[in-house]
Amino acid sequence: MERLKTVDDFKTLQDRLLAERDPHIPTIVIPAGTCGQASGANDLIRVAKRELLRRKLLEKVYLRITGCHGFCEMEPSVLVEPRGTFYPKVSLKDMVRIVEGVARGEVLEELLFLNPQTGKRIEKQNDVPFFRKQLRTILSQNEQIDPIRIYNYIETGGYAAMVRVLVNGEPSYVIDEVKASGLRGRGGAGFPTGSKWELLARQVNGTGKFLVCNADEGDPGAYMDRSVIEGNPHGIIEGMIIGAYGTGATEGVIYVRNEYPLAIKHLIIALQQAHELGLLGKYILGTDFSFDIRLVRGAGAFVCGEETALIRSIEGKMGEPRQRPPFPVQKGINGKPTAINNVETWANIPVIIRRGAQEFAKVGRRNTGTKIFSLVGKIRNTGLVEVPMGVTIDKIISDIGGGPVENAKIKAVQTGGPSGGCIPAKMFNLPIDYESLTKVGSIMGSGGMIVMDENTCMVDVAKYFMNFLKDESCGKCFICRKGTQRMYEILDDISKGEGAVGHLDLLEELAYVVKDTAMCGLGQTAPNPVLSTLRYFREEYLEHINNKRCPAGVCKELVTFLINEKCTGCRTCVRSCPEEAITGKKKERHAIDSEKCTKCGACRSLCKFDAIEVS
Amino acid sequence: MINLTINRLKVSVEEGTTLLEASRFYGFPIPTLCYDEGLSPYGACRLCVVEIGDEKKAKLVSSCTYPAEEGLRVRTASSRVVGARKMILELLLASCPQSKIIQDLASAHGIRQQRFRQEYEDCILCGLCVRMCEEQMMAKAIGFRGRGENRSIGTPFDIKSEVCRLCGGCIYVCPACQLRCTYTEPENAICGGCENLSPPCLEKERFDNMMCYMDPCVSCEIRKR
Ligand SMILES: Cc1cc2nc3c(=O)[nH]c(=O)nc-3n(C[C@H](O)[C@H](O)[C@H](O)COP(=O)(O)O)c2cc1C
Ligand code: FES
């Protein structure tokens, strides 16, 4: 790679790349993010490469390996451009046929996506309901880019925003644009990014300033930051360079958790390539502007996502928060002014500059832009969805998510990860923006969205999150450490049928004190799962306490497993039981010995006849 | 100088003064556990919380770490503050009932019961010993380890640290692990003797071998004589 010495060099390169590109050549796109690889995308890639080689198609059909496209439920999937044909859940045999088909310009009808509602097959990715109802500004770039090829990124308009900023020459241009765009931090609190940068820009530049990309992403069930980095690492880098130009920052740090090896790999490659091309480092593109980014790996503590803990972790100390003020913008890494932003926030920056703040601000109601949510839990289509701010929860769950799995009724959705709250189904017409979510006792958080149906016990949900938080609290501040432990203890008692009515008041009282007195965001939001479930699902708690019954049949101590008359005597459950608690002859109704039964649920998940009842 | 209002009193303090220092200077008591004048503030026990700001945006912050700000309105004993302190003390009692200092504080705040499952942990992880060792003894022999439930204080790898001079500074500052009043049986450890007018220690025979280090404590002083 030749180092680009001037802005003109860059433009020449960009023009050359665009001229060499032939959009008519069919391209097989295989998403191979961590999710794709887990479901077998690497094997697909191997088969595709072998077939292309064997059939001497290398010049006629291109192959592009990208990050996750979002529809993780259907992976490993294949997208064929330029038609936009979408093949879900592709097997190795089918891959061979797809390569043949692409070479001949055919669409394989029987492998297309089957719409469960209409029973019809859908060819184009953009017609699949999951994709059609989204507005994929950030995620759609994942499709177009091979994350380990910088030319690929430049070809699709990458680094052009950075060049525009360099040519403009006014740092205030960046800040004005970001402010006008109305972009708010995607990492949780939703602080206006432009204002944060303005504060940083105003700090006197004596010994340097820091910009940090927060890719710690510790929320259980959230993985959009991982997918964005894996699929489009240059987008983050470009965003940070633009931010540095606007704020006068001299050093950048990307803090990634070590559990994201693929994201780290792609980032290392991307940073290296940007360096080699002269887009990063000293005198970027021959201007007098210098900025460098280094990678710091976190050891995977949830609390290290909190700004002050993150700073200490970057400094090499124990990751525990400290009291603000002074804010990181005043005193951050090594005492120097520091601005921290979330991965998704950074990914939005090039988009804002490229499209213009006015265009960007047109999207969304109340808040601007789009937000990626990771839709998981008891829902048909799990995956990453990107929607404009201000759409209703219902739209995400019914239209994009495709509604409940089988016939169970959806009961609630949990947003914002462990610090968020549960929103009951009757409030699903709530628009998703920072204020509305806060008002109902939840938060936007980083965008996790866990769907729960009748088979989810809300006490169990609260207990699960409290268990997570009591382990992940740094333990520095007494109220957070002991408060989460004690809340867990009470919830555990309730789930075992040992609760008393007074427990609920104690739980609530404790929850409010923890919220009030904890030092950092972790403790201040930790009671949210408890408070919101108590607020909307109090009767479930009371059912556990008064009648010693778990309505959802989840809390093990309160349920018994029975076999009803639907049993055909197939012996599947007998074989599945690890405790040998099920007995019965072939073709006769079986029985469970409740003494031996450990309520592991193995029989229930295997029974094809719904014969195993939990009561 | 920085001007602020503590409760109803308009005061001015030097820049860099914490709310705790300011309040105490002007005679507003604030209970603390993890604060010591000679050590850097840490903000771990949360007992020193005060309420700052105006009605809607009012929030609780630990006064030992919060710097005085121009025009700030501080309330050191609003109902919200007192309620929070009581809950914190209740939690402390539930975990570490044998500490004389915690007993006294709880008693002073009128806490007569605790509603959680009783534990007998010694360390409340206030970090005074860690800071004492590092800041005053220049030794850094002990430090924190682990997080959440598994957090503890100790030497690396649990072997005696080479830099430890056995000065005993850590034990001296510890609010929890000094020899403590056990009221003969740990379950009933909250004696409140120092605050009550009828101190239990008066019955000499029954409490003869009690390790009460209340100082000055009426009852024990009688016993000692
Ligand atoms: C306990 C806790 C965990 C957090 N974890 C993350 C995280 O994993 N990723 C993230 O971007 N922000 C996280 N945050 C929010 C950050 O502290 C910070 O607000 C955010 O990175 C700022 O970026 P933004 O302005 O772009 O949102 C966390 C906050 C708390 C209190
Ligand atoms: S004295 Fe302030 S938190 Fe402990």
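Chain letters run A, B, ... following the sequence lines, proteins first and then strands; every chain starts at 1.
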Any side-chain donor paired with an acceptor under 3.5 Å for A:K482 and A:Q485?
yes

Residue B:E69 versus chain A: region with a heavy atom under 4.5 Å:
side chain

Chain A shares the most heavy-atom pairs under 4.5 Å, among B:V61, B:L92, B:I88, with B:L92

Measure A:L469 against the heavy atoms of chain B and call it side chain, backbone, both or neither at under 4.5 Å.
neither

Which one, B:P41, B:C45, B:S95, leads in non-hydrogen pairs under 4.5 Å with chain A?
B:S95

Is the count of non-hydrogen atoms from other residues, nucleotides or ligands lying under 6.0 Å from B:F25 atom CZ greater than 12?
no

Can B:S63 and B:Y35 be counted as having a side-chain donor-acceptor contact under 3.5 angstrom?
no

Counting only non-hydrogen atoms closer than 4.5 Å, can you tell me which residues of residues 133-149 of chain B sit against chain A?
B:F144, B:R145, B:G146, B:R147, B:G148, B:E149

Scored by heavy-atom pairs under 4.5 Å with chain B, the best of A:L506, A:D471, A:I479 is A:L506

Does a sphere of radius 6.0 Å around CD in B:E70 hold more than 12 heavy atoms from other residues, nucleotides or ligands, not counting ones at 6.0 Å or beyond?
yes

Can B:R117 and A:D493 be counted as an ion pair, charged N to O under 4.0 angstrom?
yes

Contacting moiety of B:R115, where chain A heavy atoms sit under 4.5 Å
both

Under 4.5 Å from any heavy atom of chain A, what part of B:L47 do you find: side chain, backbone, both or neither?
neither

As a quick check of understanding, evaluate side-chain contact (heavy atoms from CB on, under 4.5 Å) for B:N3 and B:K10, giving each step before the final call.
CA-CA 7 Å; B:N3 301 303; B:K10 286 203 164 63; over 6 Å; no

Indicate whether the side chain of A:D460 and that of A:S495 have a donor and an acceptor atom separated by less than 3.5 Å.
no

Residue selection (most heavy-atom pairs with chain A, distance under 4.5 Å) from B:G127, B:A94, B:G83
B:A94

So that I can tick it off, tell me whether A:E259 and A:R257 are bridged by a salt bridge, with the cut-off set at under 4.0 angstrom between side-chain N and carboxylate O.
yes

A:A518 portion near chain B, given a 4.5 angstrom heavy-atom threshold
backbone

Checked A:R324, A:K476, A:Q323, A:E320 vs chain B; the most non-hydrogen pairs under 4.5 Å come from A:K476

I'd like to know if A:R184 and A:E435 make a salt bridge, using a cut-off of under 4.0 Å between side-chain N and carboxylate O.
yes

Derivation of the side-chain contact (heavy atoms from CB on, under 4.5 Å) call for B:S78 and B:V81
CA-CA 5 Å; B:S78 63; B:V81 170; 3.2 Å; yes

Distance from B:I6 atom CD1 to B:R73 atom CZ, nearest 0.5 Å?
13.0 Å

Ranking A:R322, A:H503, A:R486 by heavy-atom pairs under 4.5 Å to chain B gives rank one to A:R486

In terms of heavy-atom proximity below 4.5 Å to chain B, should A:E472 be classed as side chain, backbone, both, or neither?
both

Okay, A:M318 and chain B: the region with an atom under 4.5 Å from a heavy atom over there is side chain

Give the intermediate values and the outcome of side-chain contact (heavy atoms from CB on, under 4.5 Å) for residues B:F116 and B:L91.
CA-CA 8 Å; B:F116 302 96; B:L91 284 169; 3.7 Å; yes

Under 4.5 Å from any heavy atom of chain B - which part of A:E509:
both

Trace of the side-chain contact (heavy atoms from CB on, under 4.5 Å) decision for A:D225 with A:N214:
CA-CA 9 Å; A:D225 292 353; A:N214 183 349; over 6 Å; no

